[in-house]
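Right, one structure below, let's go through it.
No hydrogens, no waters, no symmetry mates; every other heavy atom, side chains included, goes into these values.
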Amino acid sequence: MYKNIMVPVDLAHTDKLELALDTAAKLAKLYNAPVTYVGVTSAAPGALGHSPAEYNQKLEAFVAQQAKAHGISTHAKTVVSHDPAVDLDDALIKVARDAGSDLVVMATHIPNVADHFWPSNGGRLATHTNASVFLVRG
């Protein structure tokens, strides 16, 4: 049913992604679909790397660990953005389209008041791509 699953990851908060990562891995096994893990970073030095290349190495290591732990086919995609907080949705939409992802599995938070004023990342992906979006709380 699904041919390519995309999972956005925030390497600074992998501890909060466990349920979404596990869900994506189980769906990947069920449908024999590869998983593309996407990380968006800045060109400026930060806590996750002094350069985009260093960030990419960390993302590649994370993705390799996911492949080994779950026995699935994986790919890593690093997107370099001037301002990841502002460009996140557009970057994820572009990767979903370019990778041919037909399912996006992503972690989400419990809705709060701010969600009534700003659209969610998952909502933007659902309305701007052809992919199904599976939001995982927890």
Side-chain angles (χ1 to χ4, degrees):
M1 183 170 177
Y2 296 110
K3 294 181 178 23
N4 187 302
I5 300 170
M6 183 178 101
V7 179
V9 295
D10 181 348
L11 292 178
H13 300 288
T14 56
D15 58 318
K16 296 179 181 174
L17 304 176
E18 190 172 321
L19 188 55
L21 295 172
D22 187 54
T23 300
K26 287 178 180 173
L27 289 167
K29 280 185 172 181
L30 179 64
Y31 295 109
N32 194 29
V35 179
T36 302
Y37 295 90
V38 182
V40 181
T41 189
S42 170
L48 295 173
H50 293 89
S51 67
E54 187 177 337
Y55 176 89
N56 188 61
Q57 289 174 343
K58 290 182 180 182
L59 181 62
E60 291 275 357
F62 173 81
V63 170
Q65 183 273 330
Q66 291 296 306
K68 184 177 179 181
H70 298 287
I72 58 174
S73 174
T74 60
H75 306 285
K77 176 64 178 166
T78 296
V79 178
V80 180
S81 165
H82 174 70
D83 187 347
V86 172
D87 299 332
L88 180 63
D89 289 343
D90 291 335
L92 295 177
I93 289 166
K94 182 175 182 348
V95 172
R97 288 179 180 161
D98 291 351
S101 298
D102 50 2
L103 176 64
V104 177
V105 177
M106 60 191 304
T108 189
H109 61 277
I110 296 173
N112 60 39
V113 173
D115 293 311
H116 294 283
F117 301 104
W118 290 282
S120 67
N121 301 109
R124 286 280 320 270
L125 281 164
T127 57
H128 290 84
T129 70
N130 292 327
S132 296
V133 179
F134 188 158
L135 301 176
V136 181
R137 289 190 184 145

Original post:
Side chains of Gln66 and Val35: closer than 4.5 Å at any heavy-atom pair?
Top reply: no
Original post:
So which of Val7, Val104, Leu27 actually passes side-chain contact (heavy atoms from CB on, under 4.5 Å) with Phe134?
Top reply: Leu27
**OP:** Compare every heavy atom of Asn4 with every heavy atom of Ala33, then report the nearest pair and how far apart it is.
**Re:** CB-N, 4.2 Å
Subject >> Shortest non-hydrogen separation from Val40 to Ser81 and the atoms involved >> reply: CG1-CB, 4.0 Å
**OP:** To the nearest 0.5 angstrom, please state how far the CG atom of Asn56 sits from the OG1 atom of Thr78.
**Re:** 3.5 Å
**OP:** Specify the closest pair of heavy atoms between Arg137 and Thr108, including all atoms of both residues, with the distance to one decimal.
**Re:** CG-CG2, 3.5 Å
**OP:** Give a yes or no on whether the backbone of Ala126 and the side-chain of Thr129 come within a donor-acceptor separation of less than 3.5 Å.
**Re:** no
Original post:
Minimum heavy-atom separation for Ala25 to Ile72, with atom names?
Top reply: O-CG2, 3.9 Å
**OP:** Would you mind reporting whether Thr14 and Val9 have side-chain heavy atoms less than 4.5 Å apart?
**Re:** no
Original post:
About how many Å separate NZ of Lys77 and OG of Ser101, when rounded to the nearest 0.5 Å?
Top reply: 11.5 Å
Subject >> Flag side-chain contact, heavy atom, 4.5 Å: Leu103 against Met1 >> reply: no
**OP:** Indicate if Leu125 and Val86 have the same hydrophobic cluster label, given that clusters are the connected sets of ILVMFWY residues with side-chain heavy-atom separations under 4.5 angstrom.
**Re:** no
Original post:
So Arg124 and Leu92, side-chain contact (heavy atoms from CB on, under 4.5 Å) or not? Walk me through it.
Top reply: CA-CA 9 Å; Arg124 286 280 320 270; Leu92 295 177; over 6 Å; no
Original post:
Considering all heavy atoms of both residues, which atom of Leu17 and which atom of Ala107 are nearest to each other, and what is their separation?
Top reply: CD2-CB, 3.6 Å
Subject >> Spacing of Met106 atom CE and Asp10 atom CG [to the nearest 0.5 Å] >> reply: 10.5 Å
**OP:** For the pair Lys94 and Asp90, find out whether any cationic side-chain nitrogen is under 4.0 Å from an anionic carboxylate oxygen.
**Re:** no
Subject >> Single-linkage hydrophobic cluster, 4.5 Å side-chain cutoff, Leu88 and Tyr37 together >> reply: no
Original post:
Can you hop from Leu11 to Val95 via hydrophobic side chains spaced under 4.5 Å?
Top reply: no
Scan the side chains in residues 46-53 for donor-acceptor partners under 3.5 Å anywhere in the protein, sequence neighbours excluded, and list what turns up.
| unit_1 | atom_1 | unit_2 | atom_2 | d |
| --- | --- | --- | --- | --- |
| His50 | ND1 | Glu54 | OE1 | 3.1 |
| Ser51 | OG | Ala53 | N | 3.4 |
| Ser51 | OG | Glu54 | N | 3.2 |

Subject >> Straight-line distance of His13 NE2 to Glu18 CD, nearest 0.5 Å >> reply: 15.5 Å
**OP:** Step through the shown structure and confirm whether more than 12 heavy atoms of other residues, nucleotides or ligands are within 6.0 Å of CG on Asn130.
**Re:** no
Subject >> Crowding at CG, Asp83 (>12 non-hydrogen neighbours, <6.0 Å) >> reply: yes
Subject >> Any side-chain heavy-atom pair of Tyr2 and Val105 under 4.5 Å >> reply: no
Original post:
Given side chains that start at C-beta, do those of Asp22 and His70 come closer than 4.5 Å, heavy atoms only?
Top reply: yes
Original post:
How long is the span from the CG atom in Leu21 to the CD atom in Gln65, to the nearest 0.5 Å?
Top reply: 8.5 Å
Subject >> Between NE2 on residue His128 and CD1 on residue Ile93, distance to nearest 0.5 Å >> reply: 5.5 Å
**OP:** For residues Tyr55 and Val80, determine if any side-chain heavy atom of one lies less than 4.5 Å from a side-chain heavy atom of the other.
**Re:** no
